[in-house]
Amino acid sequence: MKLVIVESPGKIKKISSYLGNGYVVAASFGHVRDLPAKKDDLPEKYRSEPWANLGIDVNNKFRPYYVRSSSKSAQIQKLLDLSSKATEILLATDADREGEAISWHLLQLLKPKVPVHRMVFFEITQSAIQKALQNLRPLDLNLVGAQESRRCVDRLYGYEISPLLWKMGPRLSAGRVQSVALRMVAERELERIEFVPTAFISLDSLTEHGFTARLTHFQNQRVATGKDFDSKGKLRDGAYPFSKEEADGVAAQLKKHPLTLQKDEEKPFTQKPPAPFITSSMQQEASRKLGFSVKKSMEVAQKLYEAGYITYMRTDSPALSDEGTQGARAAVGQHYDAKLLPANPRVYASKNQNAQEAHEAIRPSGKVFRDLQQARKDLADDEYRLYELIYKRTLASQMIDAQGRQRVLTLNLDNHLFTASGKTYDELGFRTLYVEGKDEQEEEGEKLPQMQVGDLVKVKKTTVKNNKTQPPARYTEPKLVQTLEKAGIGRPSTYASILTNIETRGYIQRTKNTLHATWLGMAVVKFLTEKFPRFLDYTFTAEMEKQLDDIAEGKRTRLDYLTHFYFEEGGLSVELAAYRQQPHTETDFTPEILKEAGLRIRIQDGTPLLSMSGKAVKIPDSLKPDDLTPEKAQELLGSGETITVAAPAASAQKRTLGFHEGKEVVVGMGKYGPYLKVGEEFRKLKVHASAIPHLTLEKALQMAEAASSENSVLKELQHGRGKIQVRRNDRGMYLASGKNFAPLQEGTSLDDLTYQQASEMLKQHQDSRKKRA
DNA sequence: CAGTGAGCGAGCTTCCGCTTGACTT
């Protein structure tokens with residue numbers, strides 16, 4: 001028996017049918033081993049190692065320690081049983097970096113004594129599977145090395161930077177993907193906060209022919225529209241700030257005089273159909289047309305996949321297999337119109353360099369697509385609607401271009417120019433079936449009549465409108481996914497969980513489908529971009545991918561790249577050390593507009609507080625940062641429940657004061673009193689517990705310095721097993737022996753002091769205390 | 001005045017990417 005291992009159990013049935021007798025197909029259910037999530041997941045002998053928390057011994061060639069994924073234990077056991085009976089093992093995990101790594105981990109886990117080969121295919125058809133069987137190869141260890149590098153970068157990045165955020169609030173996190181995704185949302189919110197809206201005027205005329213013409217030039221000067229103002233409300237060069245008075249003047253003129261048609265231009269255009277769906281474009285369209293969230297799209301698609309209706313839904317390749325192309329063309333011919341098919345099939349390739357393309361596009365599965373009537377009968381409503389979208393998109397992708405003409409009319413009155421534009425389709429092509437981004441085929445532009453240049457056009461009604469420039473729109477879920485995808489950040493299997501993650505951490509909130517950053521999210525972004533700019537750069541992942549490609553091609557070693565990433569100049573550990581050297585100042589992320597009003601926002605225990613001259617209130621969760629104007633802030637400060645700013649309420653809690661000579665300085669309350677911890681070293685601190693919250697770094701260091709001159713042992717007197725110390729503290733010199741103490745006159749000559757004398761003094765002191773008691 | 005002094009000092013949170021069910025509400 002030959003054992004074939006794939007990732008997804010959904011593939012087992014079909015592959016088995018193509019392989020026939022003598023083969024058993026089983027699934028790994030994804031990755032089977034990973035770095036330990038916490039040190040307790042390691043075998044006991046490693047738990048006290050300095051690298052135990054990271055799971056990577058960075059000083060020993062970045063050696064990773066892998067543990068079995070506990071949730072997969074039943075499946076792993078099954079694979080172990082099967083592999084012990086197998087005569088040969090074929091590792092048929094996905095044909096990408098992660099798939100190669102899964103195969104390698106399986107090999108480490110199963111330790112088979114029989115021959116092992118890697119088997120690769122890009123579609124599940126009889127011919128593709130047979131071809132794969134004839135082209136078996138060994139594991140590509142360079143590709144495995146690239147994956148392991150990626151894993152190490154993510155672990156080191158996430159586990160080294162996240163703890164820095166725990167001063168802001170518990171359980172906060174940073175990561176290569178999530179922090180950049182958050183940065184996008186947070187920066188958009190900040191743009192909106194700092195946006196200065198500006199008023200501008202527009203003028204539209206409804207003509208006797210029923211089309212509307214818009215004023216573009218006033219006395220031959222181009223009228224400013226919303227696009228002519230920058231985010232601060234400044235007018236760009238070349239645009240004319242058209243006023244209400246001028247608009248009313250033009251409107252009055254139009255009541256008396258007609259417009260003259262000055263130009264009638266027509267340009268032909270063609271439109272190509274959109275490419276077949278990949279994960280991100282499917283999410284986008286399911287959101288726009290069906291109102292699905294990213295999560296819901298994936299859940300519904302999973303059901304369609306399991307029901308055998310569609311190909312795999314987590315893909316970054318828009319390419320159709322031969323089977324898919326033929327299926328789409330056949331369906332167009334059968335259910336629509338063979339005239340809509342181009343002579344040659346259309347071929348699609350990913351525009352994204354980081355795409356791994358282990359799967360084909362998302363399309364109806366099989367050689368013969370299940371038609372919509374059949375689907376209607378078999379599927380639940382949501383599933384049908386998504387299937388219909390996928391079906392039409394796939395068919396449209398194989399249809400001919402749409403063709404038409406774009407017409408623009410220019411009309412004139414006294415050098416005031418107006419334009420009206422319209423589109424006419426001569427060939428709808430793929431648009432008969434599918435139009436991207438729209439529910440139905442909408443009219444684009446006006447219906448324009450046939451006219452001659454020089455014709456007069458009467459205006460029936462003129463509308464003067466007061467407009468306001470709009471701040472940049474917030475991201476929607478799929479828009480953020482698409483932006484990430486274009487930047488090569490994240491993978492199809494993770495898009496939905498990226499959103500869930502930054503939401504459950506309280507970094508962003510969603511209302512319907514639009515996303516906005518919370519104050520916590522904005523604070524985290526400000527901190528990270530200020531302290532670790534290189535790691536928050538939008539191109540960081542793309543750069544990493546280049547290096548991973550080099551590793552995969554054998555041009556660079558894993559060790560070389562990780563050393564660069566971690567140890568070399570600008571590397572993570574270097575930047576972390578530099579951060580720890582800095583005077584530990586709190587990052588102020590209060591937007592300028594609020595700061596100018598004397599307001600301050602800070603995060604305390606994960607909660608955003610608004611403060612002004614010592615008074616502070618909690619900012620309600622429901623208030624979007626964009627909506628916190630200085631006026632709203634005053635209202636909150638007036639009404640809200642006042643709380644103490646930076647109140648280290650539990651005075652016994654330890655607190656970082658800052659950094660001294662590269663060592664973290666922490667003040668805390670021990671069982672027997674306050675202490676200062678400088679690096680790993682403890683120092684006694686003589687303050688009342690209530691004073692701890694008010695300690696500054698300088699003051700605490702001074703006090704510790706003073707305390708360290710205390711209690712120095714000046715002399716030790718030994719006699720047999722007895723020992724008496726002469727010590728000094730801030731009150732003076734004293735003798736100490738066990739729990740007995742006695743003061744010593746200042747200026748006593750220590751050189752001459754004998755054990756016997758000291759012992760006598762201690763005894764007398766105890767006697768005199770007893771008497772008094 | 002009475003009576004210090006030294007000792008002690010928590011451990012946790014976290015990453016990305018690949019797969020499905022097994023859970024609860």
Side-chain angles (χ1 to χ4, degrees), chain A residues 6-11 27-40 53-56 69 71-72 74-75 93-94 96-103 105 147 150-167 169-179 302 305-306 312 314 356 358 489-495 497-498 501 505 541 544 606 652-654 666-677 680-686 710-711 713 725 727-743 765-766 768-769 772-773:
Chain A
V6 295
E7 287 179 43
S8 161
K11 294 175 177 176
S28 76
F29 288 75
H31 275 289
V32 287
R33 301 200 309 171
D34 192 13
L35 298 171
K38 48 187 187 299
K39 63 172 100 176
D40 285 354
N53 189 46
L54 291 173
I56 302 169
S69 308
S71 61
K72 311 279 171 61
Q75 202 55 35
T93 51
D94 291 351
D96 56 19
R97 195 166 64 209
E98 297 295 328
E100 202 73 14
I102 292 173
S103 279
H105 281 295
Q147 191 277 346
R150 196 277 305 157
R151 184 68 189 89
C152 289
V153 164
D154 285 335
R155 168 52 62 88
L156 295 170
Y157 187 132
Y159 272 38
E160 294 267 54
I161 297 184
S162 295
L164 307 182
L165 297 173
W166 296 343
K167 297 185 196 316
R171 284 176 294 282
L172 299 185
S173 63
R176 172 177 61 82
V177 171
Q178 62 166 289
S179 295
Q302 172 89 29
Y305 169 67
E306 284 168 9
Y312 201 55
R314 295 191 268 261
Q356 309 215 359
I489 300 167
R491 305 279 313 134
S493 66
T494 61
Y495 295 142
S497 60
I498 294 166
N501 184 25
R505 301 240 177 264
T541 290
M544 178 193 78
Q653 263 177 8
K654 65 178 180 180
V666 177
V667 63
M669 188 67 188
K671 195 164 139 201
Y672 294 90
Y675 64 89
L676 201 68
K677 200 179 162 194
E680 288 308 303
E681 184 193 336
F682 286 97
R683 297 190 193 167
K684 191 162 62 77
L685 208 53
K686 278 192 174 174
E710 297 169 13
N711 309 324
V713 178
Q725 290 181 329
R727 300 188 191 137
R728 173 192 291 286
N729 67 11
D730 57 339
R731 287 181 179 75
M733 294 197 297
Y734 63 93
L735 297 170
S737 170
K739 290 197 174 186
N740 293 329
F741 307 93
H765 187 69
Q766 299 310 314
S768 67
R769 278 182 67 190
R772 260 178 285 176

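Atoms considered below: every heavy atom in the structure, side chains included; atoms not considered: hydrogens, waters and symmetry mates. Naming: A, B, ... by sequence-line order, numbering from 1 per chain.
There is a side-chain donor-acceptor pair under 3.5 Å between A:T93 and A:S103. A donor-acceptor pair shorter than 3.5 Å can be found between the side chains of A:R505 and A:S173. A:Y312 and A:S8 share no side-chain donor-acceptor pair at under 3.5 Å.
For DNA chain B, runs of at least 3 consecutive pairs of the Watson-Crick or G-U wobble type, with both hydrogen-bonding distances under 3.5 angstrom, are absent.
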Atom pairs under 3.5 Å, N or O on each side, protein against nucleotides 22-25 of chain B: can you list them with distances?
none

Are any protein N/O atoms closer than 3.5 Å to N/O atoms in nucleotides 19-21 of chain B? If there are, list each pair with its distance.
residue: B:dT19; atom: OP1; partner: A:D94; partner atom: OD2; Å: 3.2
residue: B:dT19; atom: OP1; partner: A:Y312; partner atom: OH; Å: 2.8
residue: B:dT19; atom: OP2; partner: A:Y312; partner atom: OH; Å: 3.0
residue: B:dT19; atom: OP2; partner: A:R314; partner atom: NE; Å: 3.2
residue: B:dT19; atom: O4'; partner: A:G30; partner atom: N; Å: 3.4
residue: B:dT20; atom: OP1; partner: A:S8; partner atom: OG; Å: 2.1
residue: B:dT20; atom: OP2; partner: A:R314; partner atom: NH2; Å: 3.0

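Ring-to-base geometry does not place A:W166 in a stacked arrangement with B:dT14 (centre distance under 5.5 Å, plane angle under 30° required).
Across all strands shown, A:R176 has heavy atoms under 4.0 Å from sugar-phosphate atoms exclusively, and none from any base. Nucleic acid contact for A:R505: sugar-phosphate only, since backbone atoms but no base atoms lie under 4.0 Å from a heavy atom of the residue. A:Y157 comes within contact range of no nucleotide atom at all, as no heavy-atom separation falls under 4.0 Å. Base contact: A:A37 has a heavy atom under 4.0 Å from a base atom. Residue contacts for A:Q178: at a heavy-atom cut-off of 4.0 Å it reaches the sugar-phosphate backbone alone, with no base atom in range. Contacts of A:G99 with the nucleic acid, taken as non-hydrogen atoms under 4.0 Å apart, are absent.
The residues A:R150 and A:E98 are annotated as salt-bridged, a charged nitrogen and a carboxylate oxygen being separated by less than 4.0 angstrom.
Between the A:R155 side chain and the A:I56 main chain, no donor and acceptor come within less than 3.5 Å of each other.
For B:dC16, the base has no donor-acceptor partner in the side chain of A:R155 [N/O atoms by modelled type, under 3.5 angstrom]. Scanning atom types as modelled, one donor and one acceptor separated by under 3.5 angstrom connect the side chain of A:R151 and the base of B:dC15.
Taking only side-chain nitrogens and oxygens, A:S173 comes nearer than 4.0 Å to OP1 or OP2 of B:dC15. Residue A:R171 places none of its side-chain N or O atoms closer than 4.0 Å to OP1 or OP2 of B:dC12. In this structure, A:N53 does not reach the B:dC12 phosphate: none of its side-chain N or O atoms is under 4.0 Å from OP1 or OP2. Distances shorter than 4.0 Å separate some side-chain N or O of A:T494 from OP1 or OP2 on B:dG17.
Using a 4.5 Å cut-off on side-chain heavy atoms (C-beta onward), A:R176 and A:L156 make no contact.
Considering CG of A:D94 and CD of A:Q356, their distance stands at 10.0 Å, rounded to 0.5 Å. If you take OG on A:S179 and CD1 on A:I161, they are separated by 7.0 Å, rounding to the nearest 0.5 Å.
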